[in-house]
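Notes to accompany the following structure.
Residues take their numbers from the sequence shown, with the count starting at 1.
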Amino acid sequence: MEPSFLDMTIKLILGFFFLFLITRLLGRTTINQLTPFDFVSAIVLSELLGNAVFEQNVPVYFVVYSIFLWGILLVIMEKGLLKLKGLRGPLEGKPAIVIRDGKIDRKELKKNRMNLNQLMSLLRQSEVFSVREVAFAILESNGGISILKKSKYQKVTIEDLKLQEPPVYLPVSVILDGEVLEDNLQELGLTRPWLTNELSARGIYEPRNVMYADYLEGDGLFVVKMSGVKENS
């Protein structure tokens, strides 16, 4: 029997909110650091919802129960991994050093089912285009790679040059989509007339002609005009 639109709509709405709730319960790190276990769990969860939506003989409460139960198991597992360190390795995987002291460790590559082309691709994604630059490379459990470059290829820092470290400021948005963010202006200690003068100096006479603008201490106002706005609009 084909599913009705009403049945599909109810199941999809319920599934959407339950999946959203589970995602919030699991936390943000699960999304950023997707492990093999998380990947398989996400596939199973999506299959549970997908199959239930298109099967009319599956009642709505079965959908709620299956997603809820699977979500509870995931939450229990995540909480358990925080407390039981011994489970982290088998379930999440361990980082592997694939380049050690500038030399590629073929055994580790083979153990992680990775070839040289895949390794080079990961290095290039980290803006490293030659193994000669790498002292150590660690394959993380989520499939990413962390790199420690050799000394001569590392970026020069302020400390290396023995310069005085300048203060760091956070840019604050003052206009978004033509709307002035009055609260942010107040927080910066700036005024609307000041903003108007700054825009006028750039040939912009209405905030609605600004797509984005932010203020950075020591660097002033940065403005992005709406497309099609001329200098003397």
Side-chain angles (χ1 to χ4, degrees), residues 5 8-35 38-39 42 45-46 49-50 53 67 71 74-75 78 121-129 140 142-147 149 153-233:
F5 282 106
M8 286 178 60
T9 302
I10 294 172
K11 289 177 180 177
L12 279 172
I13 291 173
L14 285 173
F16 174 83
F17 284 105
F18 268 91
L19 290 176
F20 177 79
L21 178 62
I22 290 168
T23 304
R24 296 294 296 173
L25 287 174
L26 290 175
R28 299 179 184 180
T29 54
T30 303
I31 300 170
N32 293 330
Q33 301 175 359
L34 192 66
T35 64
D38 297 326
F39 179 70
L45 197 56
S46 63
L49 177 60
V53 166
I67 294 178
L74 286 177
V75 172
E78 288 293 328
S121 175
L122 287 174
L123 291 177
R124 287 193 294 271
Q125 289 174 41
S126 299
E127 299 183 1
V128 175
F129 294 88
E140 304 292 354
N142 65 352
I145 194 167
S146 301
I147 297 168
K149 291 185 178 182
Y153 294 106
Q154 292 180 7
K155 293 181 180 178
V156 178
T157 64
I158 289 176
E159 187 177 357
D160 294 331
L161 298 175
K162 301 190 184 304
L163 298 175
Q164 185 178 359
E165 186 176 353
V168 178
Y169 299 102
L170 185 68
V172 179
S173 303
V174 291
I175 299 178
L176 286 178
D177 287 326
E179 183 180 349
V180 178
L181 308 179
E182 300 286 356
D183 290 344
N184 288 359
L185 269 180
Q186 248 182 357
E187 186 181 332
L188 289 167
L190 302 175
T191 62
R192 189 68 177 263
W194 173 88
L195 181 60
T196 302
N197 289 336
E198 288 290 322
L199 294 177
S200 299
R202 292 166 172 77
I204 304 171
Y205 302 102
E206 293 289 342
R208 59 188 170 83
N209 292 328
V210 177
M211 181 185 295
Y212 172 83
D214 66 34
Y215 180 82
L216 177 61
E217 186 70 34
D219 199 29
L221 190 68
F222 173 76
V223 179
V224 178
K225 300 176 185 178
M226 292 283 191
S227 57
V229 176
K230 297 180 180 180
E231 284 296 321
N232 295 315
S233 59

Which residues pass the side chain to side chain contact (heavy atoms under 4.5 Å, CB included) test with Leu170, sequence neighbours left out?
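Counting only residues at least two positions away or on another chain, Leu170 forms no side chain to side chain contact (heavy atoms under 4.5 Å, CB included).
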Using side chain to side chain contact (heavy atoms under 4.5 Å, CB included) as the criterion, list what pairs up with Arg124, not counting sequence neighbours.
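Testing Arg124 for side chain to side chain contact (heavy atoms under 4.5 Å, CB included), a comparison that skips the adjacent residues, returns Met120, Ser121, Phe129.
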To the nearest 0.5 angstrom, please state how far the [atom1] atom of [X] sits from the [atom2] atom of [Y].
X	Y	atom1	atom2	value
Glu206	Thr196	CD	OG1	9.0 Å
Leu195	Leu190	CG	CG	8.5 Å
Leu185	Trp194	CG	CH2	7.5 Å
Ile204	Ile175	CD1	CD1	8.0 Å
Tyr153	Ile147	OH	CD1	14.0 Å

Determine the minimum heavy-atom distance between [X] and [Y], stating which atoms define it.
X	Y	result
Lys149	Glu127	NZ-O, 4.1 Å
Leu221	Ala213	CD1-CB, 4.4 Å
Met226	Gly178	CE-N, 3.8 Å

Enumerate the residue pairs fulfilling side chain to side chain donor-acceptor pair (under 3.5 Å) with a member in residues 177-192, sequence neighbours excluded, ordered by first and then second residue.
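Checked against side chain to side chain donor-acceptor pair (under 3.5 Å) - neighbours excluded - the pairs reaching residues 177-192 are Glu182-Arg192.
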What salt bridge (charged side-chain N to carboxylate O under 4.0 Å, His left out) pairs are there with at least one residue in residues 212-224, not counting sequence neighbours?
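Those involving residues 212-224 do not exist here.
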ring-ring contact (aromatic ring centres under 6.0 Å, His included) pairs, two or more places apart, involving residues 161-187
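Listed once each, the pairs would be none.
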Quick one: side chain to side chain donor-acceptor pair (under 3.5 Å) partners of Ser173, sequence neighbours excluded?
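Counting only residues at least two positions away or on another chain, Ser173 forms no side chain to side chain donor-acceptor pair (under 3.5 Å).
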Is any side-chain heavy atom of Leu199 less than 4.5 Å from a side-chain heavy atom of Val223?
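When only atoms from C-beta onward are counted, Val223 and Leu199 do touch, with a gap below 4.5 Å.
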